[in-house]
Amino acid sequence: MDPGNNTGISKFLLLGLSEEPELQPLIFGLFLSMYLITVFGNLLIIVTVSSDSHLHTPMYFFVSNLSFVDICFTSTTVSKMLWNIQTHSKVINYAGCLSQMYFFILFAGVDMFLLTVMAYDRFVAICHPLHYMVIMNPQLCGLLVLVSWIMSILNSLLQTLMVLWLSFCTEVKIPHFFCELNQMIQLACSDTVLNTTVMYFAAVLLGGAPLTGILYSYSKIVSSILGISSSQGKYKAFSTCASHLSVVSLFYCTSLGVYLSSAAPQSSHSSAVASVMYTVVTPMLNPFIYSLRNKDIKRALMRFSGMAVLKGPIVRGLKCP
């Protein structure tokens with residue numbers, strides 16, 4: 001197998017969620033709304049955590065990092081999709097497709113690792129509360145986030161470089177709304193055994209290991225909560241994990257559902273529609289889950305909005321003679 005883009009192909013066609021022209025305005029409006037909600041909601045979480053000293057804790061440090069990654073994760077796919085609908089074009093060039101695939105794998109990996117780190121944070125907080133601030137010190141928190149990025153960058157770089165070795169025989173039509181790794185491998189006309197092996201090995205290692213860590217952490221958390229005598233204490237302990245557990249369930253159930261079902265005989269269009277759940281819907285819902293189910297975030301948002309309201313009259317008052 002010769003390295004590089006042997007066919008000289010310079011572009012791909014992203015078929016999107018539907019090829020019906022009358023549905024394009026509806027899809028554009030729906031995805032633009034979800035994208036704006038995702039960006040605004042996650043930015044609000046980041047600004048709130050950064051501006052409120054009460055939230056300068058390991059837990060909310062990870063939450064703000066997750067919000068940043070969710071913005072990047074959604075922007076990687078949805079922005080190109082919206083641009084193509086607006087310009088009535090389905091074209092994405094070869095370099096753009098590889099770049100989109102690289103960043104998609106990167107941010108998806110960081111997302112999974114951060115969810116695992118947050119599960120460990122909750123494990124330490126509930127199972128070792130007296131040593132929490134000693135264990136989850138700023139150095140360790142920064143190191144955990146750094147390792148998450150490094151592992152994801154290496155995996156994404158490996159997967160993308162291996163696609164460079166594939167050949168594409170004709171004008172490739174991708175039955176998806178973004179350049180997804182599995183679709184790219186299936187559409188190649190050269191030998192893809194090594195690519196498929198590496199892809200599934202990475203999925204098991206970098207997807208299964210974080211999930212195993214999350215399940216182990218929560219098994220210890222549940223065991224610790226059951227050991228609490230008072231029902232009020234149990235509720236308080238569980239409430240600190242409710243938001244994270246909701247996000248984990250939403251992300252893993254939707255993403256695993258898509259990739260496990262890919263082995264079953266179904267159309268690629270159905271897989272593309274299902275992918276919307278974890279690529280667009282989940283990042284959009286995360287800020288609502290953390291703000292609506294978390295008292296600290298709600299109080300911080302109230303303080304933040306209260307400061308904004310107060311600053312208005314003060315500024316206007318300064319302009320008065």
Side-chain angles (χ1 to χ4, degrees), residues 1-16 68-81 83-84 90-116 145-210 251 255-256 258-259 262 268 271-272 275-276 278-280 283:
M1 184 169 61
D2 297 328
N5 184 20
N6 299 331
T7 60
I9 190 169
S10 61
K11 64 181 180 179
F12 300 97
L13 296 180
L14 292 172
L15 301 184
F68 170 74
V69 173
D70 279 343
I71 293 174
C72 299
F73 186 44
T74 304
S75 299
T76 300
T77 57
V78 177
S79 57
K80 178 59 178 176
M81 177 188 179
W83 175 259
N84 281 2
K90 298 180 182 296
V91 174
I92 181 170
N93 61 42
Y94 183 78
C97 192
L98 288 182
S99 299
Q100 188 182 61
M101 185 176 63
Y102 170 82
F103 285 109
F104 177 81
I105 298 172
L106 168 62
F107 295 126
V110 177
D111 222 328
M112 286 190 292
F113 283 121
L114 282 179
L115 290 175
T116 308
V145 172
L146 179 62
V147 170
S148 298
W149 278 95
I150 291 174
M151 293 289 289
S152 300
I153 289 172
L154 292 177
N155 172 56
S156 183
L157 189 62
L158 172 64
Q159 301 285 1
T160 306
L161 288 176
M162 291 195 66
V163 172
L164 285 172
W165 288 70
L166 297 178
S167 299
F168 299 93
C169 303
T170 58
E171 185 180 73
V172 179
K173 295 181 179 180
I174 304 174
H176 219 297
F177 63 95
F178 65 94
C179 294
E180 196 260 341
L181 176 62
N182 190 40
Q183 292 287 338
M184 295 286 288
I185 293 176
Q186 289 180 8
L187 293 170
C189 61
S190 55
D191 183 19
T192 61
V193 174
L194 182 59
N195 294 75
T196 304
T197 302
V198 172
M199 180 183 68
Y200 282 111
F201 178 77
V204 171
L205 182 64
L206 301 180
F251 180 82
S255 58
L256 288 177
V258 170
Y259 280 96
S262 64
S268 299
S271 177
S275 298
V276 174
Y278 75 94
T279 59
V280 183

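- Judged as a side chain to side chain contact (heavy atoms under 4.5 Å, CB included), and not counting sequence neighbours, the contacts of M81 are L17, I27, F31, I85, F177.
- With a 4.5 Å cut-off on side-chain heavy atoms, Q183 and P175 count as touching.
- Between L13 and V172, every side-chain heavy-atom pair lies at or beyond the 4.5 Å cut-off.
- Note: F201 CZ to T196 OG1 = 15.0 Å, rounded to the nearest 0.5 Å.
- Looking at F178 and T279, their side chains come closer than 4.5 Å, going by heavy atoms from C-beta outward.
- Every side chain to side chain donor-acceptor pair (under 3.5 Å) that S75 has, sequence neighbours left out, goes to Y35.
- D111 meets the side chain to side chain donor-acceptor pair (under 3.5 Å) test with no other residue; sequence neighbours excluded.
- Using a 4.5 Å heavy-atom cutoff, the side chains of F73 and F68 are not in contact.
- Under the 4.5 Å side-chain criterion, counting only non-hydrogen atoms from C-beta, M199 is not in contact with N195.
- Residues passing the ring pair (Phe, Tyr, Trp, His ring centres under 6.0 Å) test with F113: none are found, sequence neighbours excluded.
- Looking at heavy atoms from C-beta onward, L181 lies in side-chain contact with V163 at the 4.5 angstrom threshold.
- Heavy atoms only, all atoms of each residue included: S148 and L114 are closest at OG-N, 4.4 Å.
- Legend: residues meeting side chain to side chain donor-acceptor pair (under 3.5 Å) with K90, ordered by chain and number and at least two apart, are absent.
- Listed by chain and residue number, L166, F168, S190, T192 satisfy the side chain to side chain contact (heavy atoms under 4.5 Å, CB included) test with A188 (two or more places apart in sequence, or in another chain).
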side-chain contact (heavy atoms from CB on, under 4.5 Å) between V78 and V280, intermediate numbers included: CA-CA 8 Å; V78 177; V280 183; 3.7 Å; yes
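- Pairing each heavy atom of G109 with each of S152, the nearest pair is C-OG, 3.1 Å.
- Atoms CD1 and CG, on I153 and L158 in that order, are 13.5 Å from each other to the nearest 0.5 Å.
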Per-pair distances, 0.1 Å, donor-acceptor, side chain in residues 95-108, under 3.5 Å, sequence neighbours excluded:
from, atom 1, to, atom 2, distance (Å)
S99, OG, A95, O, 2.9
Q100, OE1, C179, N, 2.7
Q100, NE2, T76, O, 3.1

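- Considering only heavy atoms from C-beta on, K11 stays 4.5 Å or farther from I92 through its side chain.
- In this structure, the separation between CG on L14 and NZ on K173 is 12.5 Å, given to the nearest 0.5 Å.
- By the side chain to side chain contact (heavy atoms under 4.5 Å, CB included) test, V147 is found to be paired with L143, M151, residues two or more places apart in sequence or in another chain being considered.
- By the 4.5 Å heavy-atom criterion applied to side chains, L15 and H176 are not counted as neighbours.
- With sequence neighbours left out, the side chain to side chain contact (heavy atoms under 4.5 Å, CB included) criterion links T116 to P210, I214.
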